[in-house]
Amino acid sequence: MTASSRLAAAAVLALILAIYGAVPLVATPTFPQALWTVGFAQSFANASMATIHAANIGAPQPAAIAFGLAGAWPAGLFISGGLHPADAYAAMVALWLGVAFFGAYGLARLAGAAPAAALGGAALWLSMPMVWAHADYSMLGLGFALLPCYFLCALLVLLRGTHAALYPLACVVAVFMDGYSFVMFAVGASVLGVWLYWRLAERRRDLARRALPLHLASFGLAAGLYVLYVDAASFPPMPLDAFRTWGLDLAFFAVPAEGLHWVPDALGWSAARSEERFFGDASIWRSSFALPLVLAALWAWWKVRGAALATGLLAVLVLGFYLALGPSLKVHATHTPAEDGKTMSAAQALAPTGSAWLSTRVPGLRDMRSAYRWLALTVFSAWLLLMLWLASGKRAPLLAAALVGLLNLPHPAEKWATGRHNREMFLRLDAELLDDLGRFVRPGDRIAFLPWGNDVLANYLVSRLAAVSYNVGGDKNVARAYRHWPQTLRQIPMGAVEPGFPAQALLLLARGEADAVVLPYVDLFWAAHFWPSPSAHAARLRPAIAAIERSGLARVTEREFYALVRLARAPGPGAEADVLGALCAPPICLRGDRLAPETAPATLAAGQFRVRLYGAGRSGGAGRIEVLSEQPGFEHASIALVTSGPGVPGGILAEGYVNLHYRTEDFQLRLVPGEGDLLRVESYEVLPRPRPGAKAP
């Protein structure tokens, strides 16, 4: 590349970065996914850049980021270098977009395009809606952007037998960048490898002896490393309706969504779309416009069909498009306001496509829930076909490429304004919430945000404060962390504020499992999408806060966006007994003074409990307490009544233990006296089994 070409490439790339909003100190490409990612990145930087697990979030086990390690780790490196997390994220995106740009340039050159045409082709690639419209999905968009770079590494091996070391490197980067683009890379490279083996007789020996083993080893190595890192095998496949819901609608493919594309909007070619009418979410119709590119690619294939790669690329294009449709064909499919737009049944579609068995049985493919994203493979193949045609040097492919690029363009001014606004939200979040919370949370504090959920904002807050939180963002990360949480926290249902919530919060503190409990008034998922965020939980948390204050067992600090609770005394068995004595409430504790003829159904969390029946009398030995669920014949335990005198000291008629393996919504105690028993029942209690050294409350 000449000096003038390098200058032109730098200018084009700078313009692309500005449109993407990847300009450190000025703009940030996205807000929600950036918050999620830099939470991990900040945690890496807090410990050491030699680590790839976040010790600040998802406690007690260090958290592996579910996807995007290839983005989070460089962002952590930039944070370690002194950049604000928002700017570190922008710098990371700029880095990978630069790699994507020059990877696309290199692949266009491999296809035979002249240097100037290849630069234009690289810019055309990054103009694709499948790439820029997924910027809000962080490393998903970067994974799509890097597809030409990945395939360049593959095709250098397949076509020339060179640069073999780059192939496994590309596979490892791909799998740790994003799962969708990794699977597309594996499928596309496999199809091209088979095609080239059939098409190029002179390359068959080398392909069989060197390229095929390298191909299998590279993808096997990458997949193995990923499974070891994130324990991916532990997550069940998604239902088929999810694939159908997020399948490509042909109307989205043919007509762009209103408000996204500069030229189609100006010409009135765009269509208004919203989740109130269409299935899935905005990610589908924001990114799926690709008809002009595919038409140009089909024309290109006809012109260059004799080239070695041409028909192989056409096969990849068709396969990607077919898989993008999902298990059902949709054309402008809508739902009524009464129907759930996040679940589409087969009856609501035009016809089956026949791919359902792929989505339910084939490893890798059954994890591609958002089926429309396969369109990225179609878009890549179409682009490379256009590059093959562009290599002819004729005017027609130049005009076709220019037209496609023009139709692809987003609104530059709006994209720039959005990037600047994203960075401003970061700074405002710091000033209004992070700095205030930092006045009351010390580095190293163990924090529980309650009620818990998919707490994306916790990633950022806790890592920035160098504290440690059970909470974490990302559904896979939450599921993994939940398996290791203390039973006290696991007893609290996701997102719930039940009657026993105040006691549950205090038990975390009394048992020393948390140093502080934070009750956020904002939703930690939605507040990570826009800031400032409304205090959605304030009203339902206030009764719980009042109960905690009335107990006298804790100090409550109330602020604008949260309340923070710390124990008023040292944690331990005595503090635990005080909590259960003052705030016994389901689902962690039951008490009552009436047992006739049986207790009313109650909710009790999973765990070990001590059951006591108080009163006086005498039993002949056959009497018992049945601990059961309302379901017929389902008995958790049977506890014999005391057989001597007027009961044991303390008036205990029966005492025993029950282990509930799951949350029970219809828990009951039933007294079954024996023949001749004389009993007076005064009260009962079902309390968590005391820990060693704890006194009875």
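Since this is a predicted model, take the numbers as computed values, not measurements.
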Q: Before we go on, tell me: are the rings of Phe185 and Tyr150 under 6.0 Å apart, centre to centre?
A: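 Between Tyr150 and Phe185, which both carry aromatic rings, the centre distance is below 6.0 Å.
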Q: Please check if the side chain of Asn422 supplies one atom and the backbone of Thr418 the other of a donor-acceptor pair under 3.5 Å.
A: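 Confirmed, Asn422 side chain pairs with Thr418 backbone.
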Q: Could you pull out all residues at least two apart from Phe40 that satisfy ring-ring contact (aromatic ring centres under 6.0 Å, His included)?
A: Trp36
Q: Does the side chain of Leu506 come within less than 4.5 Å of Ser551's, by heavy atoms?
A: yes
Q: Are Phe31 and His421 close enough that some pair of their side-chain heavy atoms sits under 4.5 Å apart?
A: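 A side-chain contact is absent here, since even the closest heavy-atom pair is not under 4.5 Å.
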Q: For the residue pair Met177 and Phe144, establish whether any side-chain heavy-atom pair is separated by less than 4.5 Å.
A: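 With C-beta onward as the side chain, the pair stays apart.
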Q: Which residue pairs pass the side chain to side chain donor-acceptor pair (under 3.5 Å) test with at least one member in residues 49-73, sequence neighbours excluded?
A: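 Those involving residues 49-73 are Ser43-Asn56, Asn46-Asn56.
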Q: Using side chain to side chain contact (heavy atoms under 4.5 Å, CB included) as the criterion, list what pairs up with His537, not counting sequence neighbours.
A: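 His537 satisfies side chain to side chain contact (heavy atoms under 4.5 Å, CB included) with Asp523, Arg540, Leu541 once adjacent residues are dropped.
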Q: In this structure, which one of Leu13, Val12, Ile19 forms a side chain to side chain contact (heavy atoms under 4.5 Å, CB included) with Leu15?
A: Ile19
Q: If only atom types and distance count, is the side chain of Arg446 paired as donor or acceptor with the main-chain N or O of Ala59 below 3.5 Å?
A: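 Judged by distance alone, no pair lies under 3.5 Å.
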Q: Kindly check if the number of other-residue, nucleotide or ligand heavy atoms within 6.0 Å of NE2 (His529) is above 12?
A: yes
Q: Less than 4.5 Å apart, any side-chain heavy atom of Trp485 and any of Pro60?
A: yes
Q: Output every pair passing salt bridge (charged side-chain N to carboxylate O under 4.0 Å, His left out) with a member in residues 33-52, not counting sequence neighbours, ordered by first then second residue.
A: none
Q: Between Tyr180 and Asp367, is any side-chain donor less than 3.5 angstrom from a side-chain acceptor?
A: no
Q: How close do Ala88 and Ile79 get, heavy atom to heavy atom, and via which atoms?
A: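 So the minimum-distance heavy-atom pair works out to CB-CG1, 3.5 Å.
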Q: Mind checking whether Phe561 and Trp531 have parallel, tilted or perpendicular rings, split at 30° and 60°?
A: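 Tilted, since the angle between the ring planes falls between 30° and 60°.
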Q: Can you confirm whether more than 12 heavy atoms, excluding those of Arg663, are under 6.0 Å from its CZ atom?
A: yes
Q: For the residue pair Val99 and Phe101, establish whether any side-chain heavy-atom pair is separated by less than 4.5 Å.
A: no
Q: Checking the side chain of Tyr20 only, and the main-chain atoms of Ala90 only, is there a donor and an acceptor separated by less than 3.5 Å?
A: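 The answer is no, because no donor-acceptor pair under 3.5 Å joins these two groups.
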Q: Should the pair Tyr167 and Phe219 be assigned to parallel (<30°), tilted (30 to 60°) or perpendicular (>60°) ring geometry?
A: perpendicular
Q: Is it true that a side-chain atom of Arg566 and a backbone atom of Asp515 form a donor plus acceptor pair closer than 3.5 Å?
A: yes
Q: Could you please spell out the steps behind the salt bridge (charged side-chain N to carboxylate O under 4.0 Å, His left out) verdict for Arg569 and Asp578?
A: CA-CA 11 Å; Arg569 56 171 294 184; Asp578 288 345; 2.5 Å; yes
Q: If we only count heavy atoms from C-beta on, is the Leu507 to Glu576 side-chain gap below 4.5 Å?
A: yes
Q: Listing request: all side chain to side chain donor-acceptor pair (under 3.5 Å) pairs with a residue in residues 128-139, at least two apart in sequence or in separate chains.
A: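 Non-adjacent pairs meeting side chain to side chain donor-acceptor pair (under 3.5 Å): Thr30-Asp136, Gln33-Ser138, His134-Tyr372.
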Q: Which heavy atom of Pro85 sits nearest to which heavy atom of Gln42, and what is that distance?
A: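 Taking every non-hydrogen atom into account, CG-OE1, 3.8 Å.
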Q: Side-chain contact, heavy-atom cut-off 4.5 Å: Val462 with Asn471?
A: no
Q: Can you pull the salt bridge (charged side-chain N to carboxylate O under 4.0 Å, His left out) pairs that have at least one residue in residues 448-472, sequence neighbours excluded?
A: Asp430-Arg464
Q: Both conditions, 6.0 Å and 45 degrees, for the charged tip of Arg423 above the ring of Tyr89: are they met here?
A: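 No.
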Q: Quick check: do Arg428 and Pro532 have side-chain heavy atoms less than 4.5 Å from each other?
A: yes
